[in-house]
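Quantities reported herein were computed from a predicted structural model and do not represent experimental measurements. Just so it is clear: chains get the letters A, B, ... in the order the sequence lines come, proteins before strands, and each one is counted from 1.
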Amino acid sequence: MTKKLLFLFDTDAVPSVFDTVVGYDGGADHITGYGNVTPENVGALVDGTIYTRGGSEKKSTAIFVGGGNMAAGEAVLKAVKKRFFGPFRVSTMLDSNGSNTTAAAGVALVQKAAGSLQGKKAVVLAGTGPVGMRSAALLAQEGASVVLCGRSLDKAQAAADQINQRFKVAISAAATPDAASRAAIVKGQNLVFSAGAIGIELLSEADWKEEASIEFIADYNAQPPLGFGGIDAMDKAKERHGKIVFGALGIGGLKLKLHRACVGKLFESTETVFDAEEIYALAKSMA
Amino acid sequence: MTKKLLFLFDTDAVPSVFDTVVGYDGGADHITGYGNVTPENVGALVDGTIYTRGGSEKKSTAIFVGGGNMAAGEAVLKAVKKRFFGPFRVSTMLDSNGSNTTAAAGVALVQKAAGSLQGKKAVVLAGTGPVGMRSAALLAQEGASVVLCGRSLDKAQAAADQINQRFKVAISAAATPDAASRAAIVKGQNLVFSAGAIGIELLSEADWKEEASIEFIADYNAQPPLGFGGIDAMDKAKERHGKIVFGALGIGGLKLKLHRACVGKLFESTETVFDAEEIYALAKSMA
Amino acid sequence: MTKKLLFLFDTDAVPSVFDTVVGYDGGADHITGYGNVTPENVGALVDGTIYTRGGSEKKSTAIFVGGGNMAAGEAVLKAVKKRFFGPFRVSTMLDSNGSNTTAAAGVALVQKAAGSLQGKKAVVLAGTGPVGMRSAALLAQEGASVVLCGRSLDKAQAAADQINQRFKVAISAAATPDAASRAAIVKGQNLVFSAGAIGIELLSEADWKEEASIEFIADYNAQPPLGFGGIDAMDKAKERHGKIVFGALGIGGLKLKLHRACVGKLFESTETVFDAEEIYALAKSMA
């Protein structure tokens, strides 16, 4: 029985513990992690995956690209795919910082609860990281009008530009460096997502509970204090002040199932590429 | 069946081969090692262990803190425990350089052979490393009066201070930079432990065999030349010149069994913390 | 059931993906890789393999030395063996960059096709890497008169000197920095091996097809463009222009089987040392 080998190519200095645990739970028999992976050094690593097994054995080798930087992960995935040729290829997945699986789970849950996101006004607070960027992208692809926020306009605009180019959407950017600017930007929005660092409250309960336009709130921060005041990390389509709320652990259940399912599917062929679109499609079928 | 995942957080540059082998023999299904772990960078690693599995799955993830520096290991363990909250925790074990398991095995064997260590005079040669420090601590906790020796008084005193603070005992320090000072310090002692680097003799046979006060000798150095002249690494309560002698391999059998047993027990709950006290209690039950 | 643990000691910065995959396919239950391994830092790693298991358990631990530099790999293997003493030893294999298994497969296939290599004139193009060096060594040991080529004479001569000292043979060196010099050096040769970097053609079809003396061509480069123009990577004793041709994938089948078989055999005792001679003997029995 050929062992299912998952190679973690991480753009951070050390391979992610999170991706290691979920990779095993997704069905990998063995996981080998590499840190500081770049487009320049990934070639030799890829060669080891494509020249070592023949025929039907090859589908039991797969590559997972992770790390804290979305652009770096995308560049590594591109370099990996460029190294493939003919039958010398294996299945790959990009999920920098859980970006694709977390964002896909969050947006799929909100989309299911809302019926449609077409024409909705959405804001992603602290959206310049991988999860925020992918959430913004998927919301825009579902037809929402999206503003991506960050502490500095430069960084937020750079993230928006990158998304717009990659996904052919038209996300705008805004600087929300403090509580007042974040309270101001959520006025008139229908969907408010928060993708900030763990343990940091981005919006107090007072700042969202009486804002009539807000229909859905989604938070990716599982560690108290949460991204939104007045919610619970376990919230899953929980009604609070007339809004439907999703907390990080409420989203996390689907995220983990989705992440595991994707890893399992990597070993079904040598041709799979799991990136935002494919993972989101799977998330909607599982939501 | 949820796989038992052990994460080695090593304060040295590379994760220990020793701890990897014993971790597998203790029942871990997969071991993933990280080097250069510090209190500052361990947070993200811990998050990967606590947010990835739910309910009864979580007890199949555990953390092992190792490395060559006792204080560094203790600081990492502290940072790991600080990162836990509510049910977001996993079992942990501290065993820098085999410190706890080796010292616990050595002291438990001597304690069993002696009946009681209360009031005994003990010296630990080359005791500033993790194994020496933990041996001194456990001997003191059993009621012995302990002198910890090192090449420089500063380093020995620092180690003694650290032990006294952590274990609420009153170990003293001494500088024994050469054979003559080591021969002098063992005079009048009842228990002589040696915890130096492998392949270095610290006390010649002539220096201990006619010293009437010495009742027990314990050595942790398995590679010739051994820590004591005139003993065999396989000695296990072997009588030589009227003293009871334990060599490194004589102690090593219990050490390995104990180390393996501790790893196995990590996967029984999410609440276990194996440090000196818990490991020594287990050692006494197994000796 | 004691798990079969393979420790990869790689002289490159990161442990090889290739050796990891083949190690699992060869029967290792778990593989742990270390990068930047040197004779100076390997001692502590070796200690972890020899002091952790007793009796018949110990044969389930083994060491694999790899990396891109033949001399560095040989130095690490020497340091590993020096650390062993008495029963404190485990089986080891040296295969820097697949050197021994690839070269053994290539030379064994040509030797089998030729019947005897005694007195043949052989040239190894781009032969200063591990695979080229081991091919030159094995060809010389089979009785061929061998020229090892590289871009600079200094580097080629250094490689030849190293081989001559290690294998007690008399390989000569030549500088072949361009297509013209490579076309010139293959004139009058019977065997032409190519061991260059992947994706670089070293000899055009025109330069070998009408050279009557050439009987065998062997290429280790699997990625187009191949080392020789006018051949196919799948060639396995394929006749082209009256010469018998072996492409990288034609050799690769035996190479992978051999590499896997060697790994499997590591776990049969604690005494095995797989280096060029032992691996080549096995290759001939499998060819």
Before giving the answer on side-chain contact (heavy atoms from CB on, under 4.5 Å), spell out for C:D47 and B:I198 the whole-Å C-alpha distance, their side-chain angles and the decisive distance to 0.1 Å.
-> CA-CA 10 Å; C:D47 288 350; B:I198 61 174; 3.3 Å; yes
Name the option with the most non-hydrogen atom pairs under 4.5 Å to chain C; the candidates are B:H259, B:K255, B:R260.
-> B:R260
Top contributor to chain C interface from B:D25, B:T32, B:L249 [non-hydrogen pairs under 4.5 Å] = B:D25
Are more than 12 heavy atoms, taken from residues, nucleotides or ligands other than [X], located less than 6.0 Å from that residue's [atom1] atom?
{"X": "B:R240", "atom1": "CZ", "value": "yes"}
{"X": "C:R166", "atom1": "CZ", "value": "yes"}
{"X": "B:K58", "atom1": "NZ", "value": "yes"}
{"X": "B:K3", "atom1": "NZ", "value": "yes"}
{"X": "C:M234", "atom1": "CE", "value": "no"}

For a side chain to side chain contact (heavy atoms under 4.5 Å, CB included) with B:V21, tell me which candidate from C:H30, C:R53, C:E57 qualifies.
-> C:R53
Please lay out, stage by stage, how B:Y24 and C:D29 fare under the test side-chain contact (heavy atoms from CB on, under 4.5 Å).
-> CA-CA 10 Å; B:Y24 279 120; C:D29 290 324; over 6 Å; no
B:V14/C:N41 under side-chain contact (heavy atoms from CB on, under 4.5 Å): CA gap, chis, key distance, verdict | CA-CA 10 Å; B:V14 296; C:N41 66 22; over 6 Å; no
Proximal component of B:I31, with respect to chain C [non-hydrogen, under 4.5 Å] | neither
Engaged part of B:A28 at the chain C interface, taking heavy atoms whose separation is under 4.5 Å = backbone
C:L45 versus chain B, the contacting section by heavy-atom distance below 4.5 Å = both
Which atoms of C:T49 approach chain B - backbone, side chain, both or neither, heavy atom under 4.5 Å | both
If you measure from CG on B:L256 to OH on C:Y51, what distance do you get to the nearest 0.5 Å?
-> 12.5 Å
So, for C:Y34 and B:P15, which heavy atoms are closest and what is the spacing to 0.1 Å?
-> OH-O, 2.6 Å
